[in-house]
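Here the structure is laid out as structure tokens; the discussion comes afterwards.
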Amino acid sequence: MSLVYFVRHGQASFGTADYDALSPLGFRQAEALGRFWVEIGLQLDVVFCGTMKRQRQTAETVLDVFRRAGHQSPEIIVLPAFDEYDAFGIWDVHVADLLTNCPEWRTLVEEARTSRKAFQALFEKVMISWAEGKQVHPDEPSWQSVIERVTGGIRSLTEQDGNRIAVFTSGGPIGIAMKAALALSDTKAMEISWQVLNASVSRFYVGKRGVFLGGFNDTAHLLLQKSPEMITYR
């Protein structure tokens with residue numbers, strides 16, 4: 001069995017021209033994780049990340065802390081299986097459909113432009129509808145295809161038997177890893193992915209016997225900073 005640390009990327013640059021880049025706070029979150037791992041003497045044998053900039057920047061920031069401390073720093077292996085799904089693209093298409101075909105939703109859509117609570121309510125409705133296959137466009141992936149992609153990536157980790165592995169990824173793949181460990185439904189896997197905090201760590205034991213949960217959504221390294229702003233969802 002391998003011990004796998006699934007790390008969600010630090011805070012991205014929401015509302016800017018390049019959302020995929022880490023925000024200044026996102027870099028601080030990744031630095032805090034790197035320092036914590038150095039402090040507890042954690043050593044990594046293999047490091048993976050998806051192709052997204054925010055995932056790679058998180059991995060590079062953590063490993064740079066390792067290097068500065070004189071610790072082993074494995075080369076990052078980029079694996080697209082651990083990419084996030086395009087939630088914003090799905091949102092845009094499906095909300096446009098709602099405005100065209102479901103006039104009764106117009107009020108909630110308008111409220112979502114200015115109300116965080118209304119946005120979250122509508123976002124959950126749209127994404128659950130997509131996850132359950134009720135509304136899937138021909139030119140977009142299904143949630144099931146995303147699950148299959150990520151599950152394939154998790155399966156490939158069994159080739160690293162006995163290693164300590166870090167996977168720098170996003171909330172969606174971590175929810176899918178939880179599904180693999182706990183036999184969750186497809187919908188519950190998506191719902192739990194919304195609870196994954198930026199730069200949090202979830203631990204899994206992965207081997208030929210399956211995937212087993214060791215810990216979920218740990219932010220001890222962020223709480224040690226004694227700064228409430230370090231705890232973020234997006």
Side-chain angles (χ1 to χ4, degrees), residues 3-40 42-44 46-69 71 73-89 91 116 120 123 146 150 153 164-178 190 192-204 214-234:
L3 176 55
V4 184
Y5 299 87
F6 273 77
V7 180
R8 188 186 174 199
H9 59 79
Q11 184 189 63
S13 299
F14 186 77
T16 70
D18 187 6
Y19 167 77
D20 196 27
L22 288 186
S23 69
L25 177 57
F27 280 106
R28 287 172 56 199
Q29 291 168 330
E31 282 266 355
L33 175 58
R35 291 194 303 269
F36 181 75
W37 277 356
V38 166
E39 182 67 23
I40 65 174
L42 177 67
Q43 295 184 1
L44 297 172
V46 187
V47 175
F48 293 94
C49 75
T51 67
M52 294 173 164
K53 184 186 298 184
R54 60 191 184 272
Q55 297 169 342
R56 185 170 188 106
Q57 286 179 330
T58 303
E60 290 173 341
T61 301
V62 169
L63 294 183
D64 186 56
V65 175
F66 272 51
R67 285 190 290 270
R68 296 199 307 264
H71 284 219
S73 176
E75 291 296 319
I76 299 171
I77 301 170
V78 177
L79 196 60
F82 295 121
D83 283 353
E84 183 63 288
Y85 62 93
D86 183 13
F88 291 132
W91 163 268
R116 183 181 294 272
Q120 188 62 35
F123 179 82
V146 176
V150 176
R164 289 156 296 187
I165 303 168
V167 177
F168 292 86
T169 182
S170 298
I174 294 172
I176 293 167
M178 291 291 288
M190 172 166 285
I192 204 167
S193 75
W194 297 336
Q195 309 307 315
V196 182
L197 292 156
N198 289 124
S200 66
V201 180
S202 297
R203 292 179 292 110
F204 297 86
F216 174 64
N217 216 18
D218 184 16
T219 56
H221 50 291
L222 302 178
L223 295 172
L224 284 171
Q225 307 309 302
K226 299 180 180 179
S227 177
E229 69 179 16
M230 295 290 280
I231 305 297
T232 61
Y233 286 96
R234 61 170 61 88

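Starting from 1, each residue takes its place in the sequence as its number.
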C49 vs V167 side-chain heavy atoms within contact, under 4.5 Å: no

Pair T232, N198: side-chain N/O donor-acceptor within cut-off below 3.5 Å: yes

4.5 Å side-chain heavy-atom contact, F216 and I192: yes

Residue pair Q225 / R35, side-chain donor-acceptor N/O under 3.5 Å: yes

Pairs where residues 217-230 contributes a residue and the test salt bridge (charged side-chain N to carboxylate O under 4.0 Å, His left out) is met, not counting sequence neighbours: R28-E229

P74 side chain reached by V47 side chain, heavy atoms, under 4.5 Å: yes

Any side-chain heavy-atom pair of N217 and S200 under 4.5 Å: yes

Validation row: L197, R8 side chains within 4.5 angstrom (heavy atoms): no

Donor-acceptor contact present, side-chain T61 to main-chain F27, <3.5 Å: no

Sole candidate of R54, E84, K53, Q57 that passes side-chain contact (heavy atoms from CB on, under 4.5 Å) when paired with H9: R54

Parallel, tilted or perpendicular: ring planes of F36 versus H221, cut at 30 and 60 degrees: tilted

Identified ring-ring contact (aromatic ring centres under 6.0 Å, His included) partner of Y5 from the options F204, W37, F48: W37

Whether S23 side chain and Q11 backbone form a donor-acceptor pair below 3.5 Å: yes

Contacts of type ring pair (Phe, Tyr, Trp, His ring centres under 6.0 Å), residue F123, not counting sequence neighbours: F119, W194

